[in-house]
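Here the structure is a predicted model, which is why all the values come from computation and not from measurement. So you know, we letter chains A, B, ... as the sequences are listed, proteins then strands, and number each from 1.
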Amino acid sequence: SQQGEEDPQALSIQEGENATMNCSYKTSINNLQWYRQNSGRGLVHLILIRSNEREKHSGRLRVTLDTSKKSSSLLITASRAADTASYFCATPGSARQLTFGSGTQLTVLP
Amino acid sequence: KAGVTQTPRYLIKTRGQQVTLSCSPISGHRSVSWYQQTPGQGLQFLFEYFSETQRNKGNFPGRFSGRQFSNSRSEMNVSTLELGDSALYLCASSYTAGATNEKLFFGSGTQLSVL
């Protein structure tokens, strides 16, 4: 079963704009990860944020985590066409494996 | 360092056949996890192998099985294929078993089509 749910399901923006996608989850977690997937390819790890962290940066990526609301957001600043991909949040599942959300499909128009 | 390698990249089978997919993890990684990805169900965990032993298993029928060799390479097998088995099968490697607090390294996947 899926623990995290991303919102929106799809997002279309112009190059140079910022893109924000959100993830909500159901049970308490000790960390949350974000992954990117280009069409028909494998997932690439972007960032891991621990439950005692509220915000984390990596290049043009900014991730926040609000454990009280059981939600996380991923902000991509100054988007490029190459950022076009699906983005997934992942949380620890009950069987000691990562559980992935349904993903946000981001399209960055040149 | 070479990434995770999955073969074949594409596969077309007919109902009732069986299929074997292969995954070579990053050198030094001993854990291999398998996921099934479909448009309807998203990414679903199949199983994880560590040191040649299955450590975790998702909610899939017994037609889905796997194994891991002493060099950490893993194979998964699907017997008696059904149309609903059409999916992108992804494997991921990591250093430790049940590694929910470390990142996974994914292969490019095997796209299986069942006709």
Answer with side chain, backbone, both or neither: which region of A:Leu48 has an atom nearer than 4.5 Å to a non-hydrogen atom of chain B?
-> side chain

Part of B:Phe105 lying under 4.5 Å from any heavy atom of chain A | neither

What about B:Phe47 and B:Leu112, same hydrophobic cluster or not, with Ile/Leu/Val/Met/Phe/Trp/Tyr joined at side-chain heavy-atom distances under 4.5 Å?
-> yes

Which bit of B:Arg9 is near chain A, if near means a heavy-atom gap under 4.5 Å: side chain, backbone, both or neither?
-> side chain

Could you check which of A:Gly42, A:Ala90, A:Gly103 has the highest count of heavy-atom pairs closer than 4.5 Å to chain B?
-> A:Gly42

Applying the ring-ring contact (aromatic ring centres under 6.0 Å, His included) test to A:Tyr35, which of A:Phe88, A:Phe100, A:Tyr87 qualifies?
-> A:Phe100

Side chain from CB out, backbone as N, CA, C, O: work out which of these in B:Gln6 comes under 4.5 Å of a heavy atom of chain A, or both, or neither.
-> neither

Contacting region of B:Ser108 [heavy-atom separation from chain A under 4.5 Å] | both

Co-membership, hydrophobic cluster, residues B:Tyr95 and B:Trp34, 4.5 Å side-chain | no

Are side-chain heavy atoms of A:Met21 and A:Trp34 found at a separation under 4.5 Å?
-> yes

Proximity breakdown for B:Leu104 and chain A, heavy-atom pairs closer than 4.5 Å = both

Which atoms of B:Gln111 approach chain A - backbone, side chain, both or neither, heavy atom under 4.5 Å | neither

